[in-house]
Every structure is written in C-alpha cells, then in structure tokens.
Amino acid sequence: MAENNRNTGAASAPKVDLRRRAPMGQDVEKPKKMRETIGRLVDYFIQSKNLLLGLLLAVVAVTVTSLAAPALQGQAIDAITERSWQEFRTVLLLLLLAFVANSLFSLAQTLLAARLSQSIVRHMRYDLFYKIDHLPIAYLDQHSNGDVMSRMTNDIENISNTVSQSLASLLSGVLTIIGTVAIMFWYCPQLTLITMLTVILTVLVTGFMSKKMRVVYRRRAAALGRLNGHSEEMISGYRTVLAYNRQERTKEEFRELSDRLTKEGIRAEILGGSMGPLMNAISTLGFVIVAAFGGYFALQGMITIGVISAFIIYAKQFSRPINEIAQLYGSVQTAVAGAERVFELMDQPDEDNSGTETIENMQGNVSFRHVNFSYLPGKQVLYDFNLEVKSGQKIALVGATGSGKTTVVNLLMRFYPVDSGEILIDGKNIMDLKRDWLRHNTAIVLQDTVLFSDTIENNIKYGNPGADDETMTNAAETSNCAAFIRRLKNGYQTVLKQAGASLSHGQRQLLNIARAVIADPRILILDEATSSVDTRTEQGIQDALVNLMKNRTSLIIAHRLSTIQDADLIVVMDKGRVVETGTHDELLQKQGTYYGLYMAQFEGNRT
C-alpha cells in the first residue's frame, strides 16, 4: 500500500553488495559477526554430514597423492642416476598410480563439493523463503524488495559458490602447506629454511600490492558507477534531452566520465597485471635458490639429485596454496557476510499469529474505539480514532495524502498492531480472532493491481483455491470481466505474462475484483480502486464494485469524491484525526473540510 511507506518514515533499505568474489586487492565485504555466522553455517553442514565427510576424504586423498608425486619423481631420478632399472620401473608404476588416483579423487572432490553446496543452499533457501512467507508487513514496508530478493538470490549464491569452488581448495591448501613443510623438513631442514625466505618475500609483496590495488580498484569502481549513473539517467530521460536540445552537452559529459574511467581502468589493469609477473619472478628466484643451495648440499653428500628435483616441485607447490588462500579469503569473507544477511532476515520475528476465536454467522459490524497508532516511536499517525460501521454499510474514508486513511485499513487487516485502543468485529477484538480466519473473511482491492504469471483462472481462484469452475465464471460475470476473457484466444486458460502486462489497467483491476468476489468476504476494503484509470474505464469498474459491495460491509478509500457520493457515511480525516462525518449532502451543507476538497476537485474537473 502506497501510504504505508509514506507514513512509516522508514529509512531507506541498506545498500546491497552484489559482488560474488573480489579479486585480490579489491574491497571485500566483511561480516560483523564472523564466529557466530560460521557457527550457524556449520549447522547446515551437519545436515549434510555424509556429503561433508565424503568431501573431506576426497580432499585428503587428493592432497596425499599430490604430495606423493614429487617424492616419487625424485626417487625415479635417483634410480636413473644409480642405473637401478628395476627400481625405476617400480617407481614409474607407483607414479602412474598416483596420477590416476589424483585425477579420480579430484573428480570425486568436484562432484561432492557441488552436491554439498546445493544441499546446503537448498536447506537455506527453504528456511529463508519460509521466513519471508511469515514476515510481518512492517518489515517489508521498511525494506526494499530488492534487498529482500538479493538475500534470497545473490547472498545464497555467494555461499553456494564458496562451498562448491572455494571450500575444497581452502582445505586442500591448508593440508598441502602442512604436508609440504613436513616432507621438506624430513628431506633437508637447512634447505627448507632457506626456501622459506621466498615464501616470506611472497607474503610481503602480496600485502604491499594488495594495498596499492585496493585504492586503484576503488577509484575505478567509483568512476564506473558515475558513468553508469549518467548513462542510465540520460537514456531514461532521453525525451527531455531532445526536447531541450542538450545532446552535445550530454555527449561531452559522457566523454569526460568515460575518459576518467579509461585512465583509472588502465592504472588498475597495469597494477593487476603486474601481480602475476612479480609472483613468477619470486617463484623463479626460489628455484634458483633451491638449485644453488641444493647443488651445494648434494656435493656435500647431504641430499641426492632426486631430492633437489623434488624440492623444486615442493617449493612451487608450497607457494601456490598460499596465494590461493590469500585470494580465497576474500571470497570466504564475502560468503560469510552474505550468510550473515540471510541469518539476519531469518532472525526477524514472525508476524503475530495470536488469537484462537472465530465468529459463527459473522455479520460484519466493525468498531474502532479510541485507536492510537504510530509506525515509528514518536511519529504518531492516528489519534483517538473512533468509528462505528454497521453490517452492510458503505463507509468512505477521505482526506489528504498522509491523513491516515490506509493506516485504518492496515490495522483492520492486522498488518500492524494498534498502540492503544481496540478494533472489534461483531463485538470481538480482532487480536482474539484467528488471523487467518479474519483475512479469509476480509477482501481488499488495491489501487495497484497484483496479478501473477499464471492462468486467468488461477489468478481469479487465488481468492478461493477450492472454488469450482461455475463459481469462478459467476465471479467473472459479477465483476464484468467475463466479456473480455471470452474474447481471448484461450479464455480462462490464458497465461498472463509479466503479471498481466498485455492487459489494460482496467482489465487487470476487474480481475482483481473477480478475485475478491470469489473470496465471498463479509468485509470489503477498496483502497483507491479506481484512482489510476480513465473516466470511461472507471464507470465499468464502479459497476463491478456495486455488485461486489451488495450485502457486505464496505470500507472505501477514495480521492475521487465523485465515486463515494452514495456512501452511507463519509469520514473526513486530517493528520490522523477524524474532523468530519456525515453523508455527501450533509457535509456539503457544512461547508467544512469535505466541502473544500469537493469544490477543489469540481473546479479542477470543470477546468
């Protein structure tokens, strides 16, 4: 409801970072509660413990076979040196088995990681959708739809990517580092300590370059944001650009922003591209150090030539997971930050579902007694609101935007609880009634039509899924939409694409009315149901509404005062207070607030 957002004064929704994985040097999202979030993620891993155990075993197997290969290569070289052909053949066979086993276990690792990620995401997505389905209206009014959708899609996708792509690499990297250091120390502690110098140099260079790159990437991202914003603004406002002959100025502004982005992009690419050569140079330096000192140690009889060969491979194998872990850390942080947002939404309180009573033979008498309400503390919207609606009456609420009309409807539907006072239906407080029962007996037709990408039949039956076809067609006849439905090629089986974008606004509204008819409520709420259609369409909708309101208690919110002149009672609101009540003729005779509103519209229409 439009007025909800106006009245709440809710802060704009937090900006959502849609990046999935930040390259080294770029900013990454950092979770605020790292330990707590990881602990809750572990619970989801435990739900798929068999897959997790299989993945761990596959990672261990891949790491062991990867660590065994260099040692076997070294033994093969020593066997050649010693001309031990029998040992050489045995080592080659073992090496072949190691490579085959490594390939098979790598495949198993990939498959298990994918299965594990999808299993975890499936459970999280179900829990999150269940929570969204039970959120109070207040939360959705105060948070953008894009923010909620981003948690369901981007944030959960970040978790899925991290589990499927990064988790196994992270575990394998840690095990590889530990295993490599242990084997290198076992072969030659002195050469291992010398090799560590290149590792320290790698860490220092990576840290220095990351800081430099972070600044440049941030400037490039800002320049890209300005260019995208300018482009979107110019495209969406293209008619205005043409009308005021501003094409040349627009092109000049675009050229300036584009040149700035080009310069920042070149700097970023140069720095980003230099990381690889630097790492290669350090890696080559490591090889030189290992070869030089390894040769010296070999001449001293401390190690063999095969050990030198193995050491060169281990040195490269040792630095690779360090660089990978450094890059994966940002991906893991982004995923945990996404999980934190998902859990933040899951931790929101559910909509109030209190109340156990129902009303047999409901009449539809509605009473508002001394109701006070505020969406936010200190910003009161309704002040001592009182209203008595008898069964079958048609009551109209009028007033300026922000006067509290839609708020009255929100409270009656139990979208929000009152601060004080009470709302009664047939003498029973609505908080004591079952929430689902209350809404089953209350239907609402909004200004903004809501249709789903489904058949017309299912859209109408949304108000009563158990209704038969005869009831549905009667509802369509009552709401005056049967005629245009019959003209469609597939009739009631016509699938609405993009929520009925191919239909006119009036046709969509008639389908909404049909949905309310088939629900057969005792209380009907019309919230600006005809305010956004032309006069001719409005007459057709009004005829449908007259049929809908027969024998029902009706609350009508309207800006077009011509549509509520036959109301049994018109309630004029101003700044959350009732300032006038009466019939159309009575209020005109008073020449008060309603008279001013009516005359302003009458003069406007006549003009």
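Side-chain atoms are counted along with the backbone in the values below, which use heavy atoms only and exclude waters and symmetry mates. All residue numbers in this chain count up from 1 along the given sequence. Given the structure is predicted, the values throughout are model-derived calculations rather than measurements.
The two atoms that bring Val148 and Tyr139 nearest to each other are CG2-CE2, 4.2 Å, heavy atoms only. Residues Thr473 and Glu470 come closest through the heavy atom pair OG1-O, 2.8 Å. Considering all non-hydrogen atoms of both residues, Leu261 and Arg220 come closest at CD1-O, 3.7 Å.
Residues Asn441 and Ile359 are not in side-chain contact: their nearest non-hydrogen atoms beyond the backbone lie 4.5 Å or more apart.
With a 6.0 Å radius and a threshold of 12 heavy atoms from other residues, nucleotides or ligands, Lys590 has its NZ atom above the threshold. Within a 6.0 Å radius of CD in Glu233, other residues, nucleotides and ligands contribute 12 heavy atoms or fewer.
Using cut-offs of 30° and 60° on the angle between ring planes, the pair His584 and Tyr598 is perpendicular.
With no hydrogens or angles considered, no side-chain donor-acceptor pair links Tyr130 and Asp350 at under 3.5 Å. Side-chain N/O atoms of Ser374 and Asp419 include a donor and acceptor closer than 3.5 Å. With hydrogens and angles left out, the side-chain atoms of Thr407 and Tyr416 include no donor and acceptor closer than 3.5 Å. For the residue pair Asp426 / Asn365, a side-chain donor-acceptor distance below 3.5 Å is found, with atom types taken as modelled. Thr471 and Asn474 share no side-chain donor-acceptor pair at under 3.5 Å. Between the side chains of Asp352 and Ser354, at least one donor N or O lies within less than 3.5 Å of an accepting N or O. Between the side chains of Asp469 and Tyr492, no donor-acceptor pair is found at a separation under 3.5 Å.
Side-chain N or O atoms of Arg552 include none that pairs as donor or acceptor with a backbone N or O of Leu524 at under 3.5 Å. At least one donor-acceptor pair closer than 3.5 Å links the side chain of Arg414 to the backbone N or O of Ile430. Counting only distance, with no hydrogens or angles, the side chain of Glu580 and the backbone of Thr593 share a donor-acceptor pair below 3.5 Å. Formation of a donor-acceptor pair under 3.5 Å by the Thr553 side chain with backbone atoms of Gly364 is found in this model. Looking at Arg439, its side chain does come within 3.5 Å of a backbone N or O of Met413 through a donor-acceptor pair. The closest donor-acceptor contact from the side chain of Asn459 to the backbone of Thr455 lies under 3.5 Å. In terms of modelled atom types and a separation under 3.5 Å, the side chain of Gln348 and the main chain of Leu135 share no donor-acceptor contact. Remark: side-chain polar atoms of Gln363 are paired, donor with acceptor, to backbone N or O of Asn361 under 3.5 angstrom. Arg369 contributes no side-chain N or O that, together with a main-chain N or O of Asn386, makes up a donor-acceptor pair within less than 3.5 Å.
Note that CG of Leu412 and CG of Leu387 are 10.0 Å apart. Values are rounded to the nearest 0.5 Å.
Separation of the Phe385 and His370 ring centroids does not fall under the 6.0 Å cut-off.
Paired with Asp347 under the rule salt bridge (charged side-chain N to carboxylate O under 4.0 Å, His left out), one option of Lys131, Arg40, Arg341 passes, and it is Arg40.
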